[in-house]
Amino acid sequence: MASIEADLEDLTARARIREAALRQFGELGFERATIRGIAETAGVSSGLVRHHFGSKEALREACDEFLVKTLRRVRDATFDDPMLTRANPVAMAQAAFGPYQPYLVRALVEGRAEPLFDEMVRAGEQWLAEADAERADPPFADRKARATVSTAMALAVTILHRHVSRSLGVDVASPEGAHLLATVILDLHSHPALSPETAAAMRAALERIRPA
């Protein structure tokens, strides 16, 4: 995966523009980023940006498409590797995005990046399908709903990166921080806060007060 810190001269013009857009959208947000600023960062003319992408909105869509392809590669590698079959692909995808995380965070907070979020949900559904096969009790929420909420919860660490790092005392983007985060996630997932019996009782209580 190419890095936004890579020498832009080593990339094609279209790729340089996309990398520059990922950087500008991540740093400034979609509304404040401009075709001119993206062109200057990429070392090309504004006309060439429009030639390749047509508009700023189309360029943003191309950025999303690029990251969706990246996520799919991570997902496929996850499910092809027997050593990783227990890993949540959503969490792995966060690490795979690496230098593109500022773009991901900004886009999600702005209510954009729908294709990326939806792809993460699909990856979550695939992971849950395997986990559900080994559950002793049947799920009482449908798979897509659970994948949607778990995706949002997983993304919270990325969006709240500074707060999480400050509270943990280590940057979660660093090797040490990533190791600590993985350890915490493993502990949380391997020791659920509620037993199936307690969850069933709480669900019954919820059903009793469910709005008509």
(Q) Is there a path of hydrophobic side-chain contacts, each under 4.5 Å between heavy atoms of I/L/V/M/F/W/Y residues, joining Val184 to Val164? (A) yes
Q | Contact summary for Gly111 and Glu114, nearest pair of heavy atoms | A | O-OE2, 3.6 Å
(Q) Set out, in order, the CA-CA distance, both residues' side-chain angles and the distance that settles side-chain contact (heavy atoms from CB on, under 4.5 Å) for Phe117 and Arg112, then state yes or no. (A) CA-CA 9 Å; Phe117 186 85; Arg112 303 178 187 274; over 6 Å; no
Q.
Within the 4.5 Å heavy-atom criterion, are Glu61 and Phe53 side-chain neighbours or not?
A. no
(Q) Rounded to the nearest 0.5 Å, what separates atom CG in Leu116 from atom OG1 in Thr70? (A) 9.0 Å
Q.
Can you tell me how far apart CG (Leu180) and CD (Glu176) are? Round to the nearest 0.5 Å.
A. 7.5 Å
Q. Of all heavy-atom pairs between Arg143 and Glu125, which one has the smallest distance, and what is that distance?
A. CD-O, 3.4 Å
Q) Less than 4.5 Å apart, any side-chain heavy atom of Arg146 and any of Phe140? A) no
Q | Verify same cluster id: Leu194, Leu188 (apolar side-chain graph, 4.5 Å) | A | no
Donor-acceptor list for residues 198-211 side chains, cut-off 3.5 Å, not counting sequence neighbours:
| unit_1 | atom_1 | unit_2 | atom_2 | d |
| --- | --- | --- | --- | --- |
| Thr198 | OG1 | Ser195 | OG | 3.0 |
| Glu207 | OE1 | Arg210 | NH1 | 3.4 |

Q) Side-chain contact, heavy-atom cut-off 4.5 Å: Met120 with Leu155? A) yes
Q.
As an exercise, state the distance from OG1 of Thr12 to CZ of Arg18, rounded to the nearest 0.5 Å.
A. 7.0 Å
(Q) Run the side chain to side chain donor-acceptor pair (under 3.5 Å) test against Gln24 and tell me which residues pass, sequence neighbours left out. (A) Thr41
Q. Does a sphere of radius 6.0 Å around CZ in Arg50 hold more than 12 heavy atoms from other residues, nucleotides or ligands, not counting ones at 6.0 Å or beyond?
A. no
(Q) Working to the nearest 0.5 angstrom, can you tell me the gap between Arg60 CZ and Ile38 CD1? (A) 12.0 Å
**Q.** Lys/Arg N to Asp/Glu carboxylate O, Glu119 vs Arg122, below 4.0 Å
**A.** yes
(Q) Does Glu110 have more than 12 heavy atoms from other residues, nucleotides or ligands lying within 6.0 Å of its CD? (A) yes
Q) Any donor and acceptor pair, going by atom type alone, linking the side chain of Arg36 with main-chain N or O of Ser46 inside 3.5 Å? A) no
Q) Do the non-hydrogen side-chain atoms of Ile185 and Val157 ever get within less than 4.5 Å of each other? A) no
Q) Is the Phe25 ring parallel, tilted or perpendicular to the Phe30 ring (thresholds 30°, 60°)? A) tilted
(Q) Nearest 0.5 Å, please: how far is CD1 in Ile17 from CG in Leu59? (A) 7.5 Å
**Q.** Short side-chain to backbone donor-acceptor contact, Thr158 and Ala154, under 3.5 Å
**A.** no
Q | Shortest non-hydrogen contact from Ala33 toward Lys56 | A | O-NZ, 2.8 Å
Q | Smallest separation among heavy atoms of Asp64 and Ala113, with atom names | A | OD2-CA, 3.6 Å
**Q.** Atom pair CZ/NE2 of Arg16 and His52 - distance to nearest 0.5 Å
**A.** 8.5 Å
(Q) Can you give me the closest heavy-atom contact between Gly124 and Ala147, atom names plus distance? (A) C-CB, 3.9 Å
Q. Are Leu168 and Leu160 grouped together when hydrophobic residues (ILVMFWY) are joined by side-chain heavy atoms under 4.5 angstrom apart?
A. yes
Q.
Check this for me, if you would: do Glu65 and Lys69 make a salt bridge, where the nitrogen-to-carboxylate-oxygen distance has to be below 4.0 angstrom?
A. yes
Q. Which atom pair, heavy atoms only, marks the closest approach of Ser55 to Ile35?
A. C-CD1, 4.4 Å
